[in-house]
Amino acid sequence: MIFGKQLMPLVIKMSKRQLNDFEAFRKVLSQSKNIVALTGAGVSAESGIPTFRGEGGLWRKYRSADLATPHAFYTKPHLVWEFYHYRRTIAFNAQPNDAHKALAKYEKLCEEQGHKFNIITQNVDGLHTKAGSRNVIELHGALHKVVCTNVKCGTVAENFDDPICEALRGRGDPMVREDLPMIDKKDLPKCKKCSGLLRPYIVWFGENLDPDILQQARDLVEECDICLVIGTSSVVYPAAMFAPLVAERGKPVAEFNLTEEPASDLFQFHFPGPCGSTLPRALNIQI
Ligand code: APR
């Protein structure tokens, strides 16, 4: 089992795939009693939240993934905070799109029928919860949470302040060409308990996922009888291995992505296109 968040190539072979077969998918779904939806940045793209890879994967001259590291925070905390201030502002103002809404409505239907429906998300924007989903596991943390870097404190707290501190007001513009003047460490967000430097409560590259959260996700993946993979490039582990594990148990996996090609040949269903359109149709949900 891989605990650390890391990039890895996915190399899996096989399958008789059903492309855009909504009818066949609905039939399989209707026979499922334990459903897992694994979501990534693509599910929030139609809410105006930039994805990590492809278009929108850059902030200024930096790749998003290069700023999401403990090293970047250690060497340039002001820059990382500017980046996260930008992302927090977007997320706090974003509204759930039809894909989030369809998942929330489907969860309610499942509840009424006594079926299990869980979302495992790599997203940190909180939009599944805003849409009304209740069974959501946030693998990579949340933008509206902070954690104190003082090892003696380590307090995790919710924080919706925007800006989170005065020094970040007006900062974070992604189009700025040159680095702006540095913000002194003492002016960056501070812990309300001990005044230690705060950081975003996000699992960065090279860091371990919370073992309890990972275990919960793993249990769901091992028990489910169908998995929907929505808007993820499936290149960041451990999340990238969840759907292949379901498929290897002989259970159906349905992928919803802009790409024409599925992330794995093991996946039975593939629905190319924006998931704000494909997902409500596949789940037979009126928004
Ligand atoms: N509908 C469906 N899929 C979409 C849409 C859309 N409207 N828009 C984009 N996509 C797809 C892209 O084709 C791509 O495969 O969403 C995927 C987004 O991929 P990434 O940007 O790599 O996001 P994600 O898979 O969530 O990244 C995983 O990497 O940087 C880290 O921690 C970060 O949680 C993130 C993790």
Side-chain angles (χ1 to χ4, degrees), residues 2-10 20 37-59 62-73 80 83-84 87 90-91 94-103 119-128 136-143 145 199-210 213-214 217 227-244 254-264 267 269-283:
I2 297 158
F3 290 95
K5 185 176 156 191
Q6 54 187 293
L7 267 173
M8 282 174 80
L10 188 65
N20 268 326
L38 177 66
T39 68
V43 80
S44 297
E46 289 159 74
S47 295
I49 304 216
T51 55
F52 292 90
R53 294 170 187 82
E55 269 180 56
L58 279 183
W59 180 77
Y62 303 95
R63 288 189 315 154
S64 301
D66 291 341
L67 293 170
T69 69
H71 178 74
F73 188 71
V80 174
F83 172 61
Y84 277 96
R87 294 189 60 202
I90 292 182
Q95 294 307 319
N97 64 52
D98 287 355
H100 299 108
K101 290 178 193 169
L103 289 169
I119 294 174
I120 303 173
T121 189
Q122 299 165 88
N123 297 346
V124 291
D125 53 39
L127 286 180
H128 285 304
V136 183
I137 293 186
E138 291 175 323
L139 282 179
H140 293 166
L143 284 168
K145 290 185 186 167
R199 59 165 271 185
Y201 185 67
I202 303 282
V203 182
W204 284 330
F205 283 102
E207 294 185 322
N208 287 341
L209 276 69
D210 179 319
I213 289 179
L214 184 58
C227 178
L228 319 185
V229 184
I230 309 158
T232 173
S233 53
S234 300
V235 294
V236 174
Y237 279 66
M241 72 185 174
F242 290 160
E255 186 180 27
F256 300 81
N257 200 302
L258 284 184
T259 55
E260 291 295 322
E261 277 301 305
S264 163
F267 298 169
F269 297 97
H270 188 70
F271 298 97
C275 58
S277 307
T278 54
L279 195 61
R281 184 171 166 204
L283 298 177

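If you read the sequence from its start, that first residue is 1, and numbering goes on from there. Atoms within a ligand are numbered from 1 in the order they appear, just like the ligands themselves. Hydrogens, waters and symmetry mates are skipped; everything else that's a heavy atom, side chains included, is used. Here the structure is a predicted model, which means the values were calculated and not measured.
- Looking only at distances, no side-chain donor or acceptor of Ser47 sits under 3.5 Å from a matching main-chain atom of Ile49.
- Using a 4.0 Å heavy-atom cutoff, Phe205 is listed among the residues neighbouring ligand 1.
- Looking at ligand 1, you won't find any N or O of Val203 less than 3.5 Å from one of its N or O atoms.
- Ile202 is listed as a side-chain neighbour of Tyr84, based on a closest heavy-atom distance under 4.5 Å.
- Ligand 1 places these atoms under 4.0 Å from at least one heavy atom of Thr232: 15 (O), 16 (O), 17 (C), 24 (P), 25 (O).
- Close approach to Gly273 involves these atoms of ligand 1, each under 4.0 Å from a residue heavy atom: 1 (N), 2 (C).
- Both tests pass for Arg199 against the ring of Trp204: distance under 6.0 Å to the centre and angle within 45° of the axis.
- Looking only at distances, no side-chain donor or acceptor of Glu46 sits under 3.5 Å from a matching main-chain atom of Asn97.
- Remark: ligand 1 and Ala41 share an N or O pair separated by less than 3.5 Å (distance only, no angle test).
- When the heavy atoms of Gly231, Cys275, Gly40 are ranked by distance to atom 18 (C) of ligand 1, first place goes to Gly231.
- Inter-residue side-chain proximity for Gln122 and Thr39 is flagged as unmet; no heavy-atom pair is nearer than 4.5 Å.
- The shortest N/O to N/O separation between Thr259 and ligand 1 does not fall below 3.5 Å.
- Contacts of Val236 with ligand 1, taken as heavy-atom pairs under 4.0 Å, involve the side chain alone.
- Distances from atom 7 (N) of ligand 1 to the heavy atoms of Arg63, Glu46, Gln122 show the closest one on Glu46.
- Near Ala45, meaning under 4.0 Å from any of its heavy atoms, are these atoms of ligand 1: 8 (N).
- Between His100 and Val43, the closest side-chain pair of non-hydrogen atoms falls below 4.5 Å.
- Note: no N/O pair closer than 3.5 Å links Asn123 and ligand 1 by distance alone.
- Between the side chain of His270 and the backbone N or O of Thr259 there is at least one donor-acceptor pair closer than 3.5 Å.
- Here Arg53 has heavy atoms under 4.0 Å from ligand 1 in both its backbone and its side chain.
- Close approach to Pro274 involves these atoms of ligand 1, each under 4.0 Å from a residue heavy atom: 1 (N), 6 (C), 7 (N).
- Looking at heavy atoms from C-beta onward, Leu103 lies in side-chain contact with Leu283 at the 4.5 angstrom threshold.
- A donor-acceptor pair under 3.5 Å is formed between the side chain of Asn257 and the backbone N or O of Thr232.
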